[in-house]
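The structure appears below as structure tokens.
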Amino acid sequence: MGKFVYTKENLRRLQLAELEMLREVDRICRKHEIAYILDGGTLLGAIRHGGFIPWDDDVDLRMLREEYDRFCEVCQTELSPNYFLQTYRTDPGYRWGYARILKNGTVYKRKGQHRMTARNGIFIDIFPDDDLPEGWFSGRLCTGLSWICRKLLYSEVGVWNKRRFSSWFGFFILNLFPKEWGHRGMEYLSRRYHSARATRVRCFGWGSREEERGLWKRWHLETGEVEFEGLTLRASKDIKGFLTHFFGENYMSLPPREKRIPGHMVTDLDFGDGNDS
């Protein structure tokens, strides 16, 4: 395992590699009229910096479930051979409840995940958003079941990394069950709560307080365009509402200097030429 350290130069190379993947996703989506929106720090970077947040190390997009499924289908024939669409259907070792576009021939290993059998490489994330039920009880049930599914899928990593015995033992037990149950559970939730009347959506494969609260579905349906590193990309029209949901009212303010660091611990990074700088 390499002893990797981020520098300004290799972080920028990583961002530019991700930018090319983002360009490819946008090309496919425009050609086939598939709707997406920029998500999280990617949208924040577009608004606050005109591109990547200088210390950011990833790209995130969202699609409503119907668009996401069409995108995955189209990628089978449309995606450039330089890239690979990674889902649990295309990669049996993949554990997460959302898709990634990987750059073939590259290496990008996160701390604690280096022993996973899934294909590895520089990537961008694409999150599918499913309808949320309106009722309080059904909402809590949906949240609880999706939490169990995520923990089941994460259990392989949890066994390797959790030091507290109670956490380790819980993941050890979950790791005895087929991982497909986690994916099947999320698919069940997607079908069970699908409704044209739904006003909120979320990605069942991602856990956070903001995700549990749900996103307004209209953020997907009412869209515009923003500039990102010279590209014109799609985003919710209600940029203020979207970014406030995730980052609070002061999203335009820079964080303290000590927090301006990449969000992921990396142990190995190779751009395909054997050079990590």
Side-chain angles (χ1 to χ4, degrees), residues 34-44 60-73 87-89 94-100 125-155 157-158 166-167 170-171 173-175 177-224 234-249 251:
I34 297 171
Y36 73 86
I37 56 173
L38 298 184
D39 186 33
T42 308
L43 179 59
L44 178 59
D60 297 323
L61 306 176
R62 285 182 181 266
M63 298 178 183
L64 289 176
R65 171 62 65 175
E66 294 85 353
E67 307 296 315
Y68 174 88
D69 287 345
R70 278 207 304 132
F71 176 78
C72 291
E73 181 179 356
T87 69
Y88 83 95
R89 297 182 186 277
Y94 188 64
R95 295 288 181 247
W96 315 134
Y98 46 88
R100 283 177 172 169
D125 289 322
I126 303 175
F127 299 108
D129 274 344
D130 288 298
D131 296 333
L132 280 175
E134 298 291 338
W136 180 88
F137 177 78
S138 55
R140 299 313 300 168
L141 179 62
C142 182
T143 296
L145 290 175
S146 65
W147 181 85
I148 293 172
C149 292
R150 288 194 306 277
K151 294 301 180 184
L152 176 58
L153 294 173
Y154 181 79
S155 60
V157 178
S166 58
S167 296
F171 283 121
I173 296 299
L174 284 174
N175 199 38
F177 294 93
K179 302 301 176 293
E180 290 75 13
W181 290 9
H183 295 298
R184 301 303 182 196
M186 290 184 192
E187 289 177 349
Y188 166 78
L189 292 173
S190 177
R191 295 191 303 269
R192 174 68 179 82
Y193 295 110
H194 178 68
S195 171
R197 294 176 295 176
T199 59
R200 288 184 178 270
V201 296
R202 70 160 294 177
C203 175
F204 293 130
W206 187 257
S208 70
R209 187 184 315 170
E210 294 79 17
E211 208 71 47
E212 289 183 7
R213 287 164 49 200
L215 289 70
W216 290 113
K217 195 171 187 177
R218 59 178 170 81
W219 287 343
H220 278 282
L221 302 176
E222 302 169 5
T223 61
R234 294 175 176 174
S236 171
K237 275 189 177 179
D238 185 11
I239 290 173
K240 180 178 180 180
F242 191 97
L243 291 178
T244 298
H245 178 82
F246 285 99
F247 302 104
E249 293 284 350
Y251 60 82

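Note that the coordinates shown come from a computational prediction; the quantities given were computed from them, not determined experimentally.
For the pair Tyr88/Arg95, no side-chain contact is recorded, criterion being any heavy-atom separation below 4.5 Å from C-beta on. In this structure, Tyr98 and Pro128 have side chains that are in contact, with non-hydrogen atoms separated by less than 4.5 Å. Residues Leu64 and Asp129 are in side-chain contact: their nearest non-hydrogen atoms beyond the backbone lie under 4.5 Å apart. Under the 4.5 Å side-chain criterion, counting only non-hydrogen atoms from C-beta, Val201 is not in contact with Leu132.
Considering every non-hydrogen atom in both His183 and Trp96, the closest pair reads CE1-O, 3.5 Å. Nearest approach of Leu44 to Leu243, heavy atoms of both residues: N-CD2, 3.8 Å. Taking every heavy atom of both residues into account, Ala99 and Tyr94 meet most closely at C-OH, 4.1 Å. Closest heavy-atom contact between Gly41 and Phe247: N-CZ, 3.7 Å. Here the shortest heavy-atom pairing between Phe127 and Tyr68 reads C-CD1, 4.5 Å. Here the shortest heavy-atom pairing between Phe242 and Gly40 reads CE2-N, 3.9 Å.
Side-chain N or O atoms of Asp131 include none that pairs as donor or acceptor with a backbone N or O of Ala198 at under 3.5 Å. Side-chain N or O atoms of Glu211 include none that pairs as donor or acceptor with a backbone N or O of Trp206 at under 3.5 Å. Between the side chain of Tyr36 and the main chain of Arg234, a donor-acceptor pair closer than 3.5 Å is present. Using modelled atom types, one side-chain atom of Ser138 and one backbone atom of Gly135 make a donor-acceptor pair closer than 3.5 Å. At least one donor-acceptor pair closer than 3.5 Å links the side chain of Ser146 to the backbone N or O of Thr143. When atom types are taken as modelled, the side chain of Arg202 and the backbone of Gly214 share no donor-acceptor pair closer than 3.5 angstrom. Between the side chain of His245 and the backbone N or O of Glu210, at least one donor-acceptor pair lies under 3.5 Å.
Within a 6.0 Å radius of CD in Glu66, other residues, nucleotides and ligands contribute more than 12 heavy atoms. No more than 12 heavy atoms of other residues, nucleotides or ligands shown are found within 6.0 angstrom of CZ on Arg192.
Between the OG atom of Ser155 and the CG atom of Asn175 there is a distance of 4.0 Å, given to the nearest 0.5 Å. Put simply, CG on Asp125 and CZ on Arg100 are 5.0 Å apart, with the number rounded to the nearest 0.5 Å. Here Ile37 contributes atom CD1 and Leu221 contributes atom CG; the two are 9.5 Å apart, rounded to the nearest 0.5 Å. Interatomic distance, SG of Cys142 versus OH of Tyr188, reported as 10.0 Å (0.5 Å rounding). Atom CG of Leu43 sits about 9.0 Å away from atom OH of Tyr251, to the nearest 0.5 Å. In this structure, CG in Leu215 is found 10.0 Å from SG in Cys203, a value given to the nearest 0.5 Å.
With Asp130 as the fixed residue, the salt bridge (charged side-chain N to carboxylate O under 4.0 Å, His left out) test singles out one of Arg65, Arg62, Lys217, Arg200: Arg65.
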Please lay out, stage by stage, how Thr42 and Asp60 fare under the test side chain to side chain contact (heavy atoms under 4.5 Å, CB included).
CA-CA 6 Å; Thr42 308; Asp60 297 323; 4.2 Å; yes

Working for side chain to side chain contact (heavy atoms under 4.5 Å, CB included), residues Glu222 and Asp238
CA-CA 8 Å; Glu222 302 169 5; Asp238 185 11; over 6 Å; no

Given side chain to side chain contact (heavy atoms under 4.5 Å, CB included), test Asp39 with Phe246 step by step and report yes or no.
CA-CA 10 Å; Asp39 186 33; Phe246 285 99; 4.1 Å; yes

Test salt bridge (Lys or Arg N to Asp or Glu O under 4.0 Å) on Arg209 and Glu212 and set out the steps.
CA-CA 5 Å; Arg209 187 184 315 170; Glu212 289 183 7; over 6 Å; no

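Between the side chains of Glu134 and Thr199, at least one donor-acceptor pair of N or O atoms lies under 3.5 Å.
Glu67 and Arg70 are joined by a salt bridge, as a carboxylate oxygen and a charged side-chain nitrogen come within less than 4.0 angstrom of each other. A salt bridge links Glu187 with Arg184; the closest basic N to acidic carboxylate O contact falls under 4.0 Å.
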